[in-house]
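Data first, discussion second: the structure below is written as structure tokens.
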Amino acid sequence: MDLFNYASQSKMKKESPLALKLRPQTIDDIVGQDHILGKGKPLYNLIMADKLSSIILYGPPGTGKTTLAYAIANTTKKYFETINATLAGISDIKKVIEESKYRLVTNNQRTILFIDEIHRFNKQQQDALLPSVEEGTIILIGATTENPFFEVNKALISRSLVFELLPLDNNSVKKILYNAISNKEKGLGFINIKIDEDSINYIVTLSNGDARTALNILEATVYATKANENDEIVINIKSIEGLFNRKALYDTNSDMHYDTISAFIKSMRGSDPDATLYYLAKMIDSGEDIRFIARRIMICAAEDVGLADPNALVVASAAAYAADFVGLPEARIILSEAALYIACAPKSNSSIVGIEKALEDVRNIPIKTIPFHLRTPNLKATDIGHGIGYKYPHDYKNNYIKQQYLPDELINKKYFYPTNNGYEHNIINYLEGLQNENISDENGEKDN
């Protein structure tokens, strides 16, 4: 390395973000993720023994995926290579593979290839990795914020161990923040910072388990705050709020977004009004689109309440219109009313079960014809029997007459299985009453 490159790298390191400066160098320096990196855990043992096989690291931003990869680089005797999926193409992959093969033949040294954001590779790019991973020419470490079982090639998944990194707990984030404040060599310890526990807790809350976000908030707030007459940088909640808020930190494309809406729907489905309100409040406070929330409530009304309370869909639809018409902040009341109605309503999924079974038969059972008596009885069609023999239900007692409605191939097939919950109990009684109706003859009694 020449003097210019050395000076350039030194300057970059000095001016790097705080999160990069404080990145742990060894496995034991990593804070959190004890479920996979605690001493004695399988992943920890594999790394320390330098016996790591291909792995996929999956988790939200700021949980330490890249940090773990570089800590492995500092631990292993294998050659460590890294590429970013947002920038690399197939030619880059092939080049790394060829160099890995040469290294293995000439030096008997295997290569660890770290691919950040591996989910951004398309199928062709991921397929290019397969032979080398299977042969062991390279040991793959893939990092992704997306669920790898949906976004990563199944063949790669089957050849790798998948480890999920969880959002850091509050104590871990606090430990990282206090280290950043006290560390004079790599952190902000050379600055006279005064910060109270409430402000630390506020940063922890904003970071939502993301160490990088927590450090970025701390660093930006410190440098945006003027020193007082005692040359102290005093950090409080007000100074933090001047730069950051929950809405700015809520990523509608992140797993947290999808996990929150999933928890919201499952809380309504599970009849837990308190959890329903909490997740609704979290989304509203984070700036979620109220129309998106309203759509989820409507779907839940149809899918999970259904005919157990037909009014649920009416309430959800009205709330969707009203929330969009009124807007925030009042829309929060409208959405909470609708969400609570769904959460507290009796539940039935008979509608979705029924339509799915019917769709399955539509797609898999060939139906030759619709019964003749159900067809459109126009002038020409009646000449060939269309519409002849149809019994008009309103001509009969209780507006009901038994006749064939399903195609011949599906006679006696059942799709609708109402439950005893809520209004569906009335539906059961009504349908059973029709079936038990005393019909005097095959054609039934006509009402006169």
Side-chain angles (χ1 to χ4, degrees), residues 20 23 33 36 42-43 46-47 50-167 210 212 251-259 261-262 363:
L20 186 58
R23 176 172 282 166
Q33 309 302 343
I36 58 173
L43 181 57
L46 286 170
I47 294 169
D50 203 7
K51 297 293 183 183
L52 192 68
S53 58
S54 291
I55 62 173
I56 303 291
L57 302 175
Y58 154 53
T63 51
K65 299 180 296 295
T66 303
T67 294
L68 176 54
Y70 281 100
I72 291 171
N74 293 332
T75 304
T76 185
K77 294 179 181 177
K78 299 177 179 65
Y79 189 86
F80 191 84
E81 184 78 59
T82 178
I83 57 177
N84 190 301
T86 59
L87 303 173
I90 287 185
S91 60
D92 299 295
I93 298 171
K94 289 181 177 179
K95 180 182 177 183
V96 169
I97 291 171
E98 289 304 314
E99 290 174 350
S100 300
K101 288 179 179 178
Y102 179 79
R103 201 175 292 115
L104 185 60
V105 171
T106 56
N107 299 331
N108 196 29
Q109 185 183 32
R110 295 177 72 188
T111 299
I112 292 178
L113 174 60
F114 172 55
I115 303 179
D116 200 9
E117 300 191 76
I118 191 171
H119 61 276
R120 294 186 182 274
F121 269 168
N122 59 35
K123 185 179 184 300
Q124 187 179 7
Q125 290 170 311
Q126 292 186 31
D127 283 345
L129 293 165
L130 277 175
S132 299
V133 171
E134 187 157 16
E135 294 165 2
T137 305
I138 61 172
I139 297 169
L140 173 67
I141 300 179
T144 175
T145 55
E146 307 297 322
N147 190 326
F149 296 101
F150 294 107
E151 301 295 336
V152 177
N153 188 315
K154 287 182 173 60
L156 272 182
I157 289 288
S158 69
R159 290 160 176 80
S160 308
L161 297 173
V162 178
F163 292 96
E164 182 178 6
L165 280 74
L166 304 175
D210 183 330
R212 186 188 301 113
D251 183 358
T252 55
N253 292 314
S254 70
D255 273 1
M256 181 57 67
H257 159 76
Y258 294 109
D259 288 346
I261 194 65
S262 175
R363 291 161 182 163

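The figures here come from the full heavy-atom set of this structure, side chains too, leaving out hydrogens, waters and symmetry mates. Here the structure is a predicted model, which means the values were calculated and not measured.
Note: Tyr70 and Phe114 have perpendicular aromatic rings, judged against thresholds of 30 and 60 degrees for the angle between ring planes.
Rounded to the nearest 0.5 Å, atoms NZ (Lys94) and OG (Ser132) are 11.0 Å apart. Distance check, rounded to the nearest 0.5 Å: CD1 of Ile115 to CG of Leu57 gives 12.0 Å. Summarising the geometry, atom OG1 belonging to Thr76 is positioned 10.0 Å from atom NZ belonging to Lys51; distances are rounded to the nearest 0.5 Å. Within the model, atoms CD1 of Ile47 and CD1 of Ile36 stand 8.0 Å from one another, a figure rounded to the nearest 0.5 Å. Between Leu113 atom CG and Ile83 atom CD1 the span is 5.0 Å, to the nearest 0.5 Å.
Lys78 and Asp50 get closest at one heavy-atom pair: NZ-O, 2.9 Å. Listed here is the closest heavy atom pair of Pro148 and Tyr58: CD-CG, 3.4 Å. When all heavy atoms of Gln126 and Ile118 are compared, the pair lying nearest together is NE2-O, 3.8 Å.
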> Could you go step by step and tell me if Arg23 and Thr66 meet the side chain to side chain contact (heavy atoms under 4.5 Å, CB included) rule?
Replying inline: CA-CA 9 Å; Arg23 176 172 282 166; Thr66 303; 3.6 Å; yes
> For Ile55 and Leu46, what are the C-alpha separation, side-chain angles and deciding distance, and is it a side chain to side chain contact (heavy atoms under 4.5 Å, CB included)?
Replying inline: CA-CA 11 Å; Ile55 62 173; Leu46 286 170; over 6 Å; no
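Partners of Asn108 according to the side chain to side chain contact (heavy atoms under 4.5 Å, CB included) rule, which considers only residues two or more places apart in sequence or in another chain, are Leu104. Contacts of Ser262 classified as side chain to side chain donor-acceptor pair (under 3.5 Å), with partners at least two apart in sequence or in another chain: Lys266. Partners of Asp92 under the salt bridge (Lys or Arg N to Asp or Glu O under 4.0 Å) rule, at least two apart in sequence or in another chain, do not exist in this structure. The side chain to side chain donor-acceptor pair (under 3.5 Å) check on Asp127 picks up Lys123, Asn153, with sequence neighbours excluded. Glu134 meets the side chain to side chain donor-acceptor pair (under 3.5 Å) test with Arg159; sequence neighbours excluded. Judged as a side chain to side chain contact (heavy atoms under 4.5 Å, CB included), and not counting sequence neighbours, the contacts of Thr63 are Gln33, Pro60, Lys65, Leu165. The side chain to side chain donor-acceptor pair (under 3.5 Å) check on Ser53 picks up nothing, with sequence neighbours excluded. Scanning for side chain to side chain contact (heavy atoms under 4.5 Å, CB included) contacts around Ser54 gives Val133, Ile139, Leu140, Ser160, with sequence neighbours left out. Checked against side chain to side chain contact (heavy atoms under 4.5 Å, CB included), Phe149 has the following partners two or more places apart in sequence or in another chain: Asn147, Ile157, Val162. Legend: residues meeting salt bridge (Lys or Arg N to Asp or Glu O under 4.0 Å) with Glu81, ordered by chain and number and at least two apart, are absent. A search for ring pair (Phe, Tyr, Trp, His ring centres under 6.0 Å) contacts involving Tyr79 returns nothing, not counting sequence neighbours.
Paired with Ile112 under the rule side-chain contact (heavy atoms from CB on, under 4.5 Å), one option of Ile141, Thr82, Ile138 passes, and it is Ile141.
With hydrogens and angles disregarded, no donor-acceptor distance shorter than 3.5 Å links the side chain of Gln125 to the backbone of Ile93.
For residues 116-135, there are no ring pair (Phe, Tyr, Trp, His ring centres under 6.0 Å) pairs, not counting sequence neighbours.
You'll find the side chain of Leu156 reaches within 4.5 Å of the side chain of Leu130, heavy atoms only. A heavy-atom distance below 4.5 Å is found between the side chains of Leu52 and Leu43.
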